[in-house]
Amino acid sequence: MNKYRTHFCGDLTLNDIGSVVKIAGWVENIRDHGGVIFVDIRDQYGTVQIVSNDNAIFDNVTRESTVCVTGKVIKRDEELINKKIKTGYIEILTSKLEILSACSNVLPFEIKTSSDNSLEVRLKYRYLDMRNKKVKDKIMFRADVVKYLRDKTNSLNFTEITTPILTASSPEGARDFVVPSRKFHGKFYALPQAPQLFKQLLMIAGFDRYFQIAPCFRDEDARSDRIYGEFYQLDLEMSFATEDDVCKVTEDILYSTFSKFSDKLISSKPFKRISYKDSMLKYGTDKPDLRNPLYIVDLTNIFVKTSFKPFKDVVVKGIKVPCIADKSNSWFNEVVDYAKSINMPGIGYIMVNDDMTFRGPIDKFLTEVERDELIKAAELKANSVLFFIADKCKAPNLAGLMRIELGRKLNLLDKNRFDICIINDFPMFEYDDESEKYIFMHNPFSLPKDGKDIISKKPTDIIAYQFDFVCNGVELLSGAVRNHDLKIMRDCFKIAGYDEEDLKEKFGSFYNAFNYGVPPHAGMAIGIDRMLMLLKGEDNIRETIAFPMTSGGQDLMMGSPTTVNETQLKDVHIKIR
RNA sequence: GGUCCUGUAGUGUAGCGGUUAUCACGUCUGCCUGUCACGCAGAAGAUCGCGAGUUCGAAUCUCGUCGGGACCGCCA
């Protein structure tokens, strides 16, 4: 092959018996038996055992050093075969070992069990962490999936075009990462939260179908399914296209990718469509995990006349759980504890007896009429439990969180299924209590339905051609039909408190482009890291990324963010307070 | 911005008011010709994250701070 090796470690087989080979890799383990020494050599493709009776060959060899080994491949005797490794039928009788680069420090952790270590130390020594086969395989898996996505999207006649990383800050959406300009005093570039405007401009430029594996940057706090800082999307856009067209393409890409890279049962195409409104009512979230059979019922009307203070003049939601009335007090206490952890004062519940009477902490506050109505509304059966979630405005969300927690706690989620659905008909606007105005709920450039007269409608009643694909409770992607009509766009921004001058100033050339013939277009963007997380069944999104940051936004290996020197600051006209 | 969990040799842990600070892996030394999580004998290695307080006495309790993790807000 070259001066370092003739074979990869993992590729040596019985067919190589008798030949003199050269391999290169890391010293995984050394077993010194006095008169005979065994050493395992590892490269990306596998591990092979080398052996020698000449101790001097192994002088100064330490674990995890890189070495180049010359030797003759020999067959192992029957009783010495190690069936646990692919190369276990052979070994290399070593004639020469050259240390290419010594590992002179004590290892911070054992490579073989690196995943047992704290994330802190794993990330600091990520290059050692990734020597572990399982960790490395996740990165290889990512490469395979990304390649597949690229090939698949290409095969659907999408054209790959890259868009700028240094771009303009935008007033909507997440916090931008800003980059100070040296040449323009007091001005800043921003890293793109998504290539949104550029891809729309590509449509205006006449590219029929665009895609990109696009890095996106958002300065918002992390979660276990949301990494801080930067992530990747399969971003695509189609001209002269409808919501249905994009959904069809997306279903094709998702279904084929999930089928290829997972053995789990996948929802059949076309995926189930659920309106935003229905999803909020039934699941208390816009990203429902449909594997969870629990659903939310609205009980507000039943308690209109109640004298029970916690249910009076508030929204009351209920979650019925069948067959758990015999759970222990401590089990229910744990549910109450969770409720408290999400800022509920507590959570009321009733258990249904065999004769359909109730017991439990709330029962004494219920009237006979209320009891009957509850049985009907929640379809209560003997031995089921009804949990109550009461709050002036947050009841739907809180009920949604309780539904998730109950599903998790009761082990209702089938780990061998991918339940994918499409949530559509998102509202274009929502009311923001803090700023006391209407703000864009999703993307400001989405097309409202019945766009001609939106100005006469109550803003929160305006529905957009906007959709999410949700898999097992994880938002996998967002898509939309974009607005291609300047008048409707002006109206939309007017509702959000921007006049035409603001529009021109903040989205200058984009706004301008809309005067030059815009094709109706629509598109979407898949969160690649999240999709990998789902495919691999990872609990944390960092496992899918080669060099992730901590949740606080630091790179423990590179030490970023760092200070910069005075000259650099001066160059970009910045003074640190 | 808020809430909760967490920090003990290189690593993973035990200890939770008085210990010579536990154990395992790793490291180092010696022995060992068939191991593959090799074995055996021995050794070194810890200002118990940092600072203050409570106490006769703090790894242990309290407060602050810094790091890590999870969640709410935020983000989509």
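Atoms considered below: every heavy atom in the structure, side chains included; atoms not considered: hydrogens, waters and symmetry mates. Labels below follow one simple rule: chain letters A, B, ... track the order of the sequence lines, proteins then strands, and each chain is numbered from 1.
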Polar pair under 3.5 Å, donor/acceptor by atom type, side chain [X], base [N]:
| X | N | result |
| --- | --- | --- |
| A:Arg76 | B:rU35 | yes |
| A:Asn540 | B:rG69 | no |
| A:Glu91 | B:rG34 | yes |
| A:Arg226 | B:rC74 | yes |

With rounding to whole Å, what would you report as the distance between [N] and [M] at their [atom1] atoms?
| N | M | atom1 | value |
| --- | --- | --- | --- |
| B:rG45 | B:rA21 | C1' | 14 Å |
| B:rC28 | B:rU54 | C1' | 43 Å |
| B:rA9 | B:rU60 | P | 14 Å |
| B:rC23 | B:rU13 | C1' | 8 Å |
| B:rC5 | B:rU62 | P | 11 Å |
| B:rG7 | B:rG18 | C1' | 24 Å |
| B:rU19 | B:rC38 | C1' | 35 Å |
| B:rU6 | B:rG12 | C1' | 15 Å |

Exercise for review: Just name whichever nucleotide pairs with B:rU22, Watson-Crick or G-U, keeping both distances under 3.5 Å, else none.
Suggested key: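 Matched B:rU22 with nothing under the 3.5 Å cut-off.
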Practice item. For B:rG64, give its Watson-Crick or G-U wobble partner with both distances under 3.5 Å, or none. Key: B:rC50
Check your understanding: Relative to the 5' end of RNA chain B, which residue comes earlier, A:Asp116 or A:Arg31, by the nucleotide with the nearest heavy atom?
Key ->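 Its nearest nucleotide lies further toward 5', so the answer is A:Asp116.
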Point to revise | Nearest-nucleotide 5' precedence on RNA chain B, A:Asn117 against A:Met441 | key: A:Asn117
Exercise for review: For A:Ala480 and A:Phe467, work out which heavy atoms get closest and say how close.
Suggested key: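 The pair with the smallest heavy-atom distance is N-CE2, 3.6 Å.
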Review point. Which heavy atom in A:Gly407 sits nearest to a heavy atom in A:Asn292, and how many Å separate them?
Key: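 Minimum heavy-atom separation between A:Gly407 and A:Asn292: CA-ND2, 3.7 Å.
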Does [X] make a side-chain N or O approach to OP1 or OP2 of [N] shorter than 4.0 Å?
| X | N | value |
| --- | --- | --- |
| A:Gln554 | B:rG68 | yes |
| A:Asn29 | B:rA37 | no |
| A:Ser551 | B:rG69 | yes |
| A:Arg542 | B:rA70 | yes |
| A:Arg223 | B:rC72 | yes |
| A:Lys84 | B:rA37 | yes |
| A:Ser118 | B:rG68 | no |

[N] [atom2] sits how many Å from [X] [atom1], rounded?
| X | N | atom1 | atom2 | value |
| --- | --- | --- | --- | --- |
| A:Glu220 | B:rA76 | CD | P | 7 Å |
| A:Asn397 | B:rC71 | CG | P | 16 Å |
| A:Met549 | B:rG69 | CE | P | 12 Å |

Review point. Is the charged tip of A:Lys199 near the ring of A:Phe510: under 6.0 Å from the six-membered ring centre and within 45° of its axis?
Key: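 No, A:Lys199 does not lie over the aromatic ring of A:Phe510.
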Exercise for review: With the side chain of A:Leu119 defined as its heavy atoms from C-beta on, choose the nearest nucleotide among B:rG69, B:rG26, B:rU35.
Suggested key: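 Taking heavy atoms from C-beta onward, the closest nucleotide is B:rG69.
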Review point. Nearest to the side chain of A:Pro108, which nucleotide is it out of B:rG67, B:rG10, B:rU35?
Key: B:rG10
Review point. Do A:Phe426 and A:Tyr465 have ring centroids that are under 6.0 Å from one another?
Key: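 They do not qualify: ring centres at least 6.0 Å apart.
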**Study point:** Ring-ring centroid check A:Phe440 A:Phe445, cutoff 6.0 Å
**Key:** no
Check your understanding: Which value, rounded to the nearest 0.5 Å, describes the distance between A:Ile319 atom CD1 and A:Ile404 atom CD1?
Key ->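 Those atoms lie 9.5 Å apart.
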Check your understanding: So with a 6.0 Å cut-off around NZ of A:Lys449, is the heavy-atom count from everything else above 12?
Key -> yes
Point to revise | ring centroid sep under 5.5 Å plus plane angle under 30, A:Phe109 with B:rU11 | key: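 Check failed, A:Phe109 does not stack on base of B:rU11.
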